[in-house]
Structures are given as C-alpha cells and as structure tokens.
Amino acid sequence: MVFRRHTDNPILTRADIPDVPPTIVDATSVFNPGAVKHDGRYLLLLRVQTRGRETHMMLAESSDGVRFDVRPRIIPVDGLERIGGSVYHIYDPRITRLDDTFFVMFAADTDKGCRIGLARTDDFERLLLIGLGDGCEGGAGDGCDVRNGVLFPERVGGRYLRLDRPNVKRLESGVTTGDEIFLSESDDLKSWRALGPVMQGRWHYWDELIGSGPPPVKTREGWLLIYHGIATHLSGSLIYQAGVALLDLEDPTRVIARGRDNILEPREPYELVGQVPNVIFPGGMIVDDYDDDGFALPESRVLLYYGAADTSVCLATTTVTELLRACRV
Ligand code: BMA
C-alpha cells in the first residue's frame with residue numbers, strides 16, 4: 001500500500017469550522033484544501049461551504065501537520081471585485097511557493113464557465129489577485145472552460161509553467177470536465193499559452209477523466225505529480241481516486257512513468273458517504289525534506305491532504321521513494 005491514512009481521519013470536519021457571522025454560521029462542509037509549510041508550520045487553505053452552498057477560503061494552522069486550528073476569518077481575494085460579470089464560487093486552491101512568495105491557483109465558476117484564477121500572498125491574511133483567465137488560454141483553446149490549474153514551484157527555461165485541464169466534456173449532471181492534462185507557459189503569470197498535452201484519461205479504467213492534484217514536486221528522477229482520476233463506467237457513481245506520474249524535468253510534457261493503478265481510492269466511510277459520495281480529491285501535498293539544490297529527498301515523509309466525499313479533510317502519508325516506485329508499477 002502506497003499511502004497510509006492517518007488514524008485521526010478525517011482531520012478536519014465541519015465541527016472544526018468556527019462561525020464567522022453573518023457569512024459562515026454552522027458550516028456545511030470543509031474539503032479540498034491547498035497545503036504548504038511555512039516557517040516550520042503547516043498551513044491549509046480550506047474550501048469551506050456554507051448552508052447557502054457558498055464557497056469561502058479559510059486558513060488552518062498546525063505545528064505537526066495533523067492537529068489543525070482554523071482561524072475564524074474568511075480570506076478575501078483582493079481584486080476579484082474588479083472582474084466583470086459574476087464569479088459565483090472560487091474553490092480547490094493549490095498553493096505553490098515560488099521566489100519566496102505563495103501563489104494560490106484556484107477554480108472560479110463564472111457565468112461563462114470555469115476559469116483558473118491566480119493570486120499571491122506573503123502572509124495568508126489576504127490574497128491579491130494576479131489574474132483570472134478568460135477560459136480560452138492554455139490548453140483550453142477554443143473550448144473556453146478550464147479547471148485544475150497548478151503552478152510549478154520554479155521557472156523552467158525562464159518561463160512559468162502550469163498544468164491545466166480543459167473542460168471539454170459535459171456529464172449528465174451538467175458538470176463540465178475533461179480527460180486531458182495540458183502544460184501551459186507564461187512570462188508574466190497573466191497570459192498563458194499551451195505547450196502541449198501531458199497525459200490523457202485511460203478510458204474503461206480507473207482514470208478516464210483526469211486533472212492535476214497538488215503542484216508537482218521536484219525529484220532527481222523528474223517532476224512527481226499526484227493527479228485525480230475519475231472512473232465513469234460504473235453505473236450510478238463517479239469514483240474519484242488519486243494516482244501518480246513522473247514528468248521530465250526539462251520538458252514536463254514528456255511522461256517518464258505513470259502508475260497503472262490508483263494509489264488511493266475511496267474505502268473508508270468518510271470517503272464513501274457524504275455530500276458527493278466516493279470522492280478522494282488530492283489538492284495539497286507537503287514534502288518535509290529537500291536537499292540544498294531543491295530536490296525532494298527520497299526518504300522524506302510526504303503528507304497528502306485530500307477532500308473526502310466533498311465533506312471533510314483527510315490526511316494520508318507516504319515517502320518520495322514509495323511514490324516514485326508506484327509510478328513504475
Ligand atoms: C470536481 C471538482 C471538485 C470536487 C469533485 C467531486 O469536478 O469540482 O471540487 O471535489 O468534482 O465533486
């Protein structure tokens with residue numbers, strides 16, 4: 001088994017969310033967090049949902065990565081009000097540390113479809129909006145609907161890189177989704193150009209639809225990427241799982257290895273039952289130890305934070321070595 005679930009799972013539930021009246025009172029759920037380690041403390045940027053089904057971001061802090069305190073405050077995104085049209089939800093934040101700044105990439109539901117937003121922060125008191133794409137940038141092309149944006153933790157060849165997932169398919173439920181992860185580049189973090197496809201869903205198997213998980217982790221063997229895959233062919237349910245792949249360090253459109261099986265699937269009651277059943281949605285990953293050149297150490301502990309059933313936050317741990325091994329099975 002690649003991942004071991006923490007015995008305290010779920011590590012955060014709605015009961016841990018303090019009221020922030022009048023906006024958040026008796027929160028409905030908390031899930032799909034972004035994660036980062038800062039000054040020895042573990043931070044989670046939470047997706048908190050109200051009983052009005054509004055979505056807000058809140059911060060949780062911890063000294064051990066397991067027991068978190070949630071700050072009683074909604075984190076504002078300054079600049080979002082300048083965007084024309086309505087932004088209904090911002091959600092699924094992924095945190096990347098780059099040049100000693102924290103960048104948060106998130107999905108934004110608008111009148112015209114899903115967009116990828118990018119904001120920056122030094123302290124998580126507030127996020128400053130850098131840009132919200134028009135949905136046609138990067139791999140989305142003419143489809144103009146895109147989600148699961150993930151910024152790389154360093155420039156490659158002098159340019160910023162991100163993974164994104166054009167939404168070119170519509171499920172019966174009306175949700176738009178996709179089966180291809182793209183690599184896109186940018187000089188200014190605002191306009192993004194597609195460099196090419198990275199990987200496709202494998203129809204009939206566990207990862208028919210796919211999207212990036214947390215930001216890729218640099219290892220000596222390549223960029224280690226956790227992604228989510230959705231099986232759609234089992235009647236009555238979509239099953240969201242996590243899998244792993246290894247991308248070339250200089251050309252991340254080249255997949256060096258990709259695990260055959262999922263490495264984490266809904267099994268526990270808190271993953272099987274909830275607002276959306278059968279969901280493991282990985283969005284935050286912390287690798288404890290890196291060498292002086294910024295490569296993750298093989299024996300380092302890896303903490304994966306994931307949303308369970310769109311209802312709670314869970315933790316599973318492994319090591320870099322085990323993940324690299326899983327890429328080649
Ligand atoms: C995806 C995203 C996630 C969510 C998942 C399961 O399309 O919207 O935020 O966790 O569906 O509902």
Side-chain angles (χ1 to χ4, degrees), residues 9-10 12-14 27-35 44-50 53-58 87-95 104-110 113-117 135 139-140 143 145-150 163-182 201 206-215 226-232 234 236-243 262 264-268 270-285 304-316:
N9 272 353
L12 283 171
T13 70
R14 52 172 302 282
T28 290
S29 50
V30 51
F31 54 107
N32 298 6
L44 296 182
L45 196 52
L46 307 171
R47 171 179 177 180
V48 174
Q49 205 177 58
T50 71
R53 298 271 183 271
E54 291 170 5
T55 315
H56 299 281
M57 288 196 237
M58 293 176 77
V87 177
Y88 296 106
H89 299 284
I90 57 171
Y91 56 101
D92 298 351
R94 271 84 161 198
I95 308 172
V104 179
M105 236 175 209
F106 54 88
D109 282 349
T110 75
C114 192
R115 307 286 182 251
I116 294 177
D145 200 287
V146 62
R147 195 164 45 235
N148 295 307
V150 175
L163 296 169
D164 51 58
R165 202 284 308 280
N167 294 327
V168 290
K169 297 196 181 299
R170 186 173 288 273
L171 301 178
E172 266 174 41
S173 62
V175 169
T176 53
T177 178
D179 62 353
E180 194 164 41
I181 295 176
F182 267 78
W206 75 267
D207 50 354
E208 299 181 288
L209 303 168
I210 54 174
S212 249
I226 300 272
Y227 67 101
H228 67 266
I230 309 166
T232 67
L234 296 130
S237 182
L238 300 177
I239 306 174
Y240 283 70
Q241 311 127 86
N262 78 56
L264 197 61
E265 64 179 10
R267 287 190 180 176
E268 296 297 324
Y270 48 81
E271 297 158 348
L272 299 168
V273 177
Q275 184 170 221
V276 183
N278 280 323
V279 175
I280 280 180
F281 195 86
M285 182 157 75
L304 183 74
Y305 297 94
Y306 62 95
D310 284 10
T311 298
S312 62
V313 174
C314 291
L315 167 64

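Indexing begins at 1, ligand by ligand and atom by atom, following the structure's order. Hydrogens, waters and symmetry mates are skipped; everything else that's a heavy atom, side chains included, is used.
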Students should be able to answer this: which protein heavy-atom is nearest to atom 8 (O) of ligand 1, and at what distance?
Y91 CE1, 4.0 Å

Pairing residues for V273 by the side chain to side chain contact (heavy atoms under 4.5 Å, CB included) criterion, not counting sequence neighbours
none

Polar side-chain atom of H56 near backbone of V48 as donor-acceptor pair, under 3.5 Å:
no

Side chain to side chain contact (heavy atoms under 4.5 Å, CB included) with D164: of N148, V146, V150, only one passes, and it is V146

Interatomic spacing from CD in E208 to CG in L238 - rounded to 0.5 Å
9.5 Å

Closest to atom 3 (C) of ligand 1 among D92, I280, L238 (heavy-atom distance):
D92

Could you tell me the separation between the CG atom of N262 and the NE2 atom of H228, rounded to the nearest 0.5 Å?
13.0 Å

For atom 1 (C) of ligand 1, find the nearest protein heavy atom and state the residue, atom name and distance (0.1 Å precision).
Y240 OH, 3.6 Å

Identity and separation of the nearest protein heavy atom to atom 12 (O) of ligand 1:
D310 OD2, 2.7 Å

Would you say Q275 contacts ligand 1, with heavy atoms under 4.0 Å as the rule?
no

